[in-house]
Every structure is written in structure tokens, then in C-alpha cells.
Peer 1: 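Sharing a structure, written as C-alpha cells. Questions coming.
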Amino acid sequence: MRGNRETRIFFSTELLGWYERSKRDLPWRRHRDPYYIWVSEIMLQQTRVDTVIPYFQRFIERFPTIRDLAEAPEEDVLKCWEGLGYYSRARNLQAAARQVMERHGGTVPDNKAEVSALKGVGPYTTGAILSIAFNRPEPAVDGNVMRVLSRYFLIEEDVAKVGTRTLMEELAAELIPEGRASDFNQALMELGALVCTPKSPQCLICPVMARCAGRLEGAEERLPVKSKAKPPRPEYRLAALVEGGGALAGRVLVRRRPDTGLLARMWELPHIPADAVPGEGAGLPDGPAMDRLAAALAAAGVPARPGGALLNAEHTFSHIHWNLRVFRFDAEIPMQAAGGGVSPAAVAETAAAYDAAGGAADSAARLPANAGPAADDTAAEYRWITREDMDNLAFPNVFLRILNGYFGS
DNA sequence: AACACGGGGGA
DNA sequence: TCCCCAGTGTT
């Protein structure tokens with residue numbers, strides 16, 4: 001055990017007192033509804049409080065109960081999560097809501113085995129739900145907690161290591177005052193968020209500075225010790241903004257990503273990989289680039305005429321850095337079926353379907369499936385959308401920016 | 001144990 | 001602009 005008894009008692013007592021005085025008024029703290037706690041904890045994974053607040057309020061308004069969430073179309077849940085990132089959190093949350101309906105009659109379970117069995121709920125969130133919602137004496141060790149504990153107890157172990165988290169959990173459990181798990185765990189995270197910050201910690205206003213070993217050692221700025229993550233690998237992509245003509249005038253071609261992997265089931269502009277040439281954008285002169293993109297579009301059943309480069313865009317994931325060069329295209333009615341593509345009649349039929357449906361987003365007027373091998377690495381569901389359709393489809397931020405710029409907002 | 005998985009904020 | 005943040009699931 002780290003620290004002597006007095007040091008630990010001091011820590012827990014002062015921290016609880018500080019929390020009572022300075023805790024923030026957050027939407028999920030206004031009730032002790034386990035569903036609210038659960039949703040907030042999932043949203044707070046990898047995401048700061050200020051970002052989460054508006055999402056949480058919209059989410060609870062749209063899905064007030066676990067049953068509402070379980071019964072909603074996945075598309076709606078994803079749309080509610082748009083912009084928040086790590087979209088598997090949303091899909092897992094809904095899957096878990098369905099688990100709770102089936103296994104627990106719609107009530108969040110209050111024991112470790114059943115909580116941790118929920119999709120998207122790992123060791124941290126299990127502890128957060130059990131302690132915050134049910135006041136069970138379980139540790140909830142997130143990045144804030146590891147930072148606070150590593151400083152206060154001068155723990156030099158690499159917090160990126162699994163074993164270090166286990167050590168922190170044992171320590172955090174030991175520190176929970178009798179009957180105060182909910183407040184204590186929230187206090188620990190609150191201190192990490194407001195005072196014991198990653199950079200420039202506010203030691204002078206810290207309630208436990210007097211006995212903080214890291215501070216006394218002058219080590220607070222270099223703790224916690226953390227091994228470096230690998231830098232994201234660059235990827236270069238050619239994207240197409242295809243404008244419809246005729247019955248599809250005012251519409252833009254988008255497609256849905258595959259069911260698994262990066263940005264699963266979200267919508268995007270069609271794009272293809274390009275070879276990297278450092279310093280040259282997509283690494284290809286615009287002419288050949290548009291030719292390759294046109295060929296890929298034709299193979300997907302959308303013959304289109306290149307209209308020049310529109311803009312460059314970048315997007316950084318935790319592990320990939322996208323460099324996109326976006327080209328404008330005009331869809332054209334093919335004079336002959338090409339590349340396993342589409343007949344003029346099929347294009348006319350597509351347009352007619354939109355006319356009949358009034359262009360409704362859910363008309364799902366799909367292009368004929370591409371029978372040949374895919375010219376790129378993504379899914380084959382395409383849709384011609386208007387600006388209004390964007391209200392119902394979830395896009396990653398980079399495409400949201402491009403489309404909003406195009407539609408002029 | 002290593003990798004996949006977004007987006008936002010602060011220096 | 002660059003750097004940092006960091007839970008869960010999959011392999």
C-alpha cells in the first residue's frame with residue numbers, strides 16, 4: 001500500500017470536503033438515475049465534460065428511457081452521436097440497452113458481474129456505474145484518477161501499462177471512505193479535471209497539496225509517467241463531390257461505410273486511396289487523379305464528368321492522418337452500360353423513384369449494386385442526398401465540413 | 001500485448 | 001500549428 005495511514009486519511013477527507021464545496025452542476029448529477037449515469041459515463045470516455053453536456057441533453061431528450069433507446073433505429077442513435085467520435089460507443093450503448101431490456105426488465109443491474117457484461121462497459125465504467133449510481137465501494141479509475149494518484153503518491157510506474165491500472169484500482173478502492181463511494185469517486189475525477197490537470201496543475205488551490213508527494217518532490221509536471229503512442233500514419237485519398245443532374249439536380253452522391261471498422265455505418269463522400277508523395281497532397285497530378293476517380297465512380301454505377309479540384313481537407317484520427325483532395329464531378333446519363341455499371345433506363349428509374357418519393361431521405365433509392373470487384377475499400381450503398389437529408393444521416397466531421405461548405409451554411 | 005477507434009482543447 | 005488526451009473491443 002502506498003502512503004501511510006495519515007496520508008491516505010488526509011487525502012480522502014480533504015478531497016470529500018473540497019468536492020462538497022466545488023462540485024460542478026452537471027446534467028447527470030441532477031438525478032441519480034442509473035440510466036443517466038450510464039449514458040454520461042459512456043459519453044465521457046475519451047471526451048471532455050464541456051463537449052459532452054449538449055450531447056447528453058439531446059440524447060436524453062431523444063431517448064428518455066432505456067426502452068426508448070433499445071427500440072430506436074440505430075440510424076437515429078448514430079445521428080445523435082454525430083461529431084462525438086468513437087462511434088462504436090453509440091452502437092454498443094444501444095446494444096447494451098437491448099441487453100438490459102431482455103435480461104433485466106429494463107432496469108440497470110447493480111452488481112459487478114451483470115454491469116460489466118454490458119456491451120461497451122469495461123472496468124472503468126463498471127466501477128463508475130456501481131459507485132456513482134448505487135454507491136457501491138468499487139474503484140473507477142480513469143485517466144484523471146491515475147494522474148491524481150500518481151502525483152499524490154509519487155507513483156512512477158508507466159500508466160500505459162495494464163499492471164499499473166490494477167495497482168491504481170487497488171489503491172483507489174482502499175481510499176474510499178465508508179459509505180461515500182459515489183461522492184469520493186466523483187471527487188477524485190473532479191480534482192483531476194479542475195485542479196490536478198495534465199499540464200500546469202493548480203497546486204496552490206489543491207485541497208491535498210500539503211501532503212502531495214509529487215508536489216513535495218517537485219515532480220508534479222512530469223507525472224504521470226506514460227509511454228508515447230505511435231504517431232498516426234498518413235493516408236492520401238481522392239474524394240468526389242458528384243452533383244446530380246436532371247431529376248437529381250441539387251443532390252450530391254454519398255455512400256454508407258461498411259458495417260465494421262473505421263467510422264462503421266456512417267455516411268461519406270465517395271473516395272479512393274492514392275499513393276503518398278510527401279508534400280504533394282494526394283501525390284498525383286489532378287488529371288490522372290480525376291481519371292482514376294471517374295473510373296471508380298463508373299464502376300460503382302455512376303458515370304460522371306470531372307469538374308476540377310474543389311479543395312483539400314485533412315482529418316486526424318488517433319492512428320491515421322487523412323489527406324483528402326476533393327474533386328467536383330457532374331453525373332451524366334451513360335450512353336451505354338459500362339464497367340458492369342448501369343443502363344440509361346436504370347438511371348431514369350432512379351430519378352423516377354425520387355420524383356415519386358418527393359426526394360424523401362428514407363426513399364432509399366439506391367443505385368444498382370456494383371456487380372464487379374470494388375474499385376475501393378468501402379461499402380456499396382449509395383444515395384443521392386439533399387441538404388435536408390443531412391439532418392437524418394450521420395457523417396464524420398471531415399465530410400460534414402465539406403458538405404456544409406458546399407451547401408453553403 | 002498490441003492495435004483499432006474520433007474529435008476537441010490548450011500551449 | 002502542434003501536442004495532448006485515454007476506455008473498450010478485437011486480434
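For clarity, every value in this text was computed on a predicted model and none was experimentally measured. Proteins come first, then strands; the chains are lettered A, B, ... in the order of their sequence lines, and each starts at number 1.
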Peer 1: Kindly point out which of dA6(C), dA4(B), dG7(B) is positioned nearest to the side chain of Arg147(A)?
Peer 2: dA6(C)
Peer 1: Would you call Lys112(A) and Glu138(A) a salt bridge, taking side-chain N to carboxylate O under 4.0 Å as the test?
Peer 2: yes
Peer 1: Take Arg48(A) and His319(A), find for each the nucleotide of DNA chain B with the closest heavy atom, and name the residue whose nucleotide sits nearer the 5' end.
Peer 2: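 Looking at DNA chain B, the more 5' nearest nucleotide goes with His319(A).
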Peer 1: So Asp50(A), base contact, sugar-phosphate only, or nothing? Heavy-atom distance under 4.0 Å.
Peer 2: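 Since no nucleic acid heavy atom lies under 4.0 Å of Asp50(A), the category is nothing.
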Peer 1: With rounding to whole Å, what would you report as the distance between dG9(C) and dG8(B) at their P atoms?
Peer 2: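 Comparing P positions in dG9(C) and dG8(B) gives a spacing of 23 Å.
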Peer 1: Charged N to carboxylate O under 4.0 angstrom, Glu169(A) versus Arg165(A)?
Peer 2: yes
Peer 1: Is His315(A) close enough to dG6(B) that one of its side-chain N or O atoms is under 4.0 Å from OP1 or OP2 there?
Peer 2: no
Peer 1: Provide the distance between the two P atoms, one in dC5(C) and one in dC5(B), to the nearest whole Å.
Peer 2: 22 Å
Peer 1: Rounded to whole Å, how long is the line connecting atom NZ of Lys226(A) with atom C1' of dC3(C)?
Peer 2: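 Value for this atom pair: 12 Å.
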Peer 1: Without decimals, in angstroms, what is the distance between Glu221(A) CD and dC4(C) P?
Peer 2: 13 Å
Peer 1: Rounded to the nearest Å, what distance is computed from the CD atom of residue Gln45(A) to the P atom of nucleotide dG7(B)?
Peer 2: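 Roughly 16 Å, once rounded to whole Å.
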Peer 1: Please report the distance separating the C1' of dA6(C) from the corresponding atom of dC3(B), rounded so that it comes out in whole Å.
Peer 2: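 Pairwise C1' distance, dA6(C) against dC3(B), rounds to 14 Å.
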Peer 1: What stems, by residue range, does DNA chain B take part in, given at least 3 consecutive Watson-Crick or G-U pairs under 3.5 Å?
Peer 2: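 Detected stem regions: B:1-5 with C:7-11, B:7-11 with C:1-5.
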Peer 1: Using a strict 4.0 Å threshold on nitrogen-to-oxygen distance, state whether Glu268(A) and Arg257(A) make a salt bridge.
Peer 2: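 Yes, Glu268(A) and Arg257(A) are salt-bridged.
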Peer 1: Without decimals, in angstroms, what is the distance between Leu194(A) CG and dC5(C) P?
Peer 2: 17 Å
Peer 1: What integer distance in Å separates Met168(A):CE from dG7(C):P?
Peer 2: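 Whole-Å distance recorded here is 12 Å.
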Peer 1: Centre of Phe10(A)'s six-membered ring, under 6.0 Å away, within 45 degrees of the axis: is that where NZ or CZ of Arg211(A) sits?
Peer 2: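 Yes, a cation-pi geometry.
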Peer 1: Remember a base hit wins even if backbone is also touched, and classify Ile320(A) as base, sugar-phosphate or nothing at under 4.0 Å, heavy atoms.
Peer 2: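 No contact at all - Ile320(A) keeps every heavy atom at 4.0 Å or more from the nucleic acid.
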Peer 1: May I ask you to decide whether Asp158(A) forms a salt bridge with Lys226(A), counting only side-chain N to carboxylate O separations under 4.0 Å?
Peer 2: no
Peer 1: Nearest 0.5 Å please: distance from the CZ atom of Arg29(A) over to the CD atom of Gln186(A).
Peer 2: 4.5 Å
Peer 1: Quick one: on DNA chain B, does Met266(A) or Ser200(A) contact a more 5' nucleotide (nearest heavy atom)?
Peer 2: Met266(A)
Peer 1: Strictly below 4.0 Å, N to O, side chains only: are Arg147(A) and Glu221(A) in salt-bridge contact?
Peer 2: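 No, Arg147(A) and Glu221(A) are not salt-bridged.
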Peer 1: Within the structure shown, what part of the strands sits under 4.0 Å from Thr51(A) by heavy-atom distance: base, sugar-phosphate, or nothing?
Peer 2: sugar-phosphate
Peer 1: Return no unless some side-chain N or O of Arg89(A) is found under 4.0 Å from OP1 or OP2 of dG9(C).
Peer 2: no
Peer 1: Between Glu314(A) (CD) and dC2(C) (C1'), how many Å, whole number?
Peer 2: 12 Å
Peer 1: What's the gap between dG9(B) and dT8(C) when it is taken at their C1' atoms, as a whole Å value?
Peer 2: 23 Å
Peer 1: Is a donor-acceptor contact shorter than 3.5 angstrom present between the side chain of Gln46(A) and the base of dG7(C)?
Peer 2: yes
Peer 1: His321(A) and Glu235(A): side-chain donor and acceptor closer than 3.5 Å?
Peer 2: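 The criterion, which ignores hydrogens and geometry beyond distance, is not satisfied for Glu235(A) and His321(A).
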Peer 1: Contact class for Arg401(A) vs. all strands (heavy atom < 4.0 Å): base, sugar-phosphate, or nothing?
Peer 2: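 If one applies the 4.0 Å heavy-atom cut-off, Arg401(A) turns out to touch nothing in the nucleic acid.
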Peer 1: What residues from residues 121-128 of chain A pass a heavy-atom cutoff of under 4.0 Å to DNA chain C?
Peer 2: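 Contacting residues: Val121(A), Gly122(A), Pro123(A), Tyr124(A), Thr125(A).
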Peer 1: Distance check needed: dG8(B) P versus Tyr55(A) OH, whole Å only.
Peer 2: 6 Å
Peer 1: Counting only side-chain heavy atoms from C-beta out, which of dA4(B), dC5(C), dG6(B) sits nearest to Leu262(A)?
Peer 2: dG6(B)
Peer 1: Do NZ/NE/NH1/NH2 and the carboxylate oxygens of Asp389(A) and Arg383(A) come within less than 4.0 Å?
Peer 2: no
Peer 1: With the threshold set at 4.0 Å, does a side-chain nitrogen-carboxylate oxygen contact exist between Lys79(A) and Glu82(A)?
Peer 2: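 Salt bridge present between Lys79(A) and Glu82(A).
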Peer 1: How many Å lie between CD on Glu235(A) and P on dC5(B), as a whole number?
Peer 2: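 To the nearest whole Å, that distance equals 10 Å.
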Peer 1: In terms of side-chain geometry, is the basic nitrogen of Glu178(A) or Arg180(A) positioned less than 4.0 Å from the acidic oxygen of its partner?
Peer 2: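 Looking at Glu178(A) and Arg180(A), the cut-off is not met.
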Peer 1: Are OP1 or OP2 of dC5(C) and a side-chain N or O of Asn144(A) less than 4.0 angstrom apart?
Peer 2: no
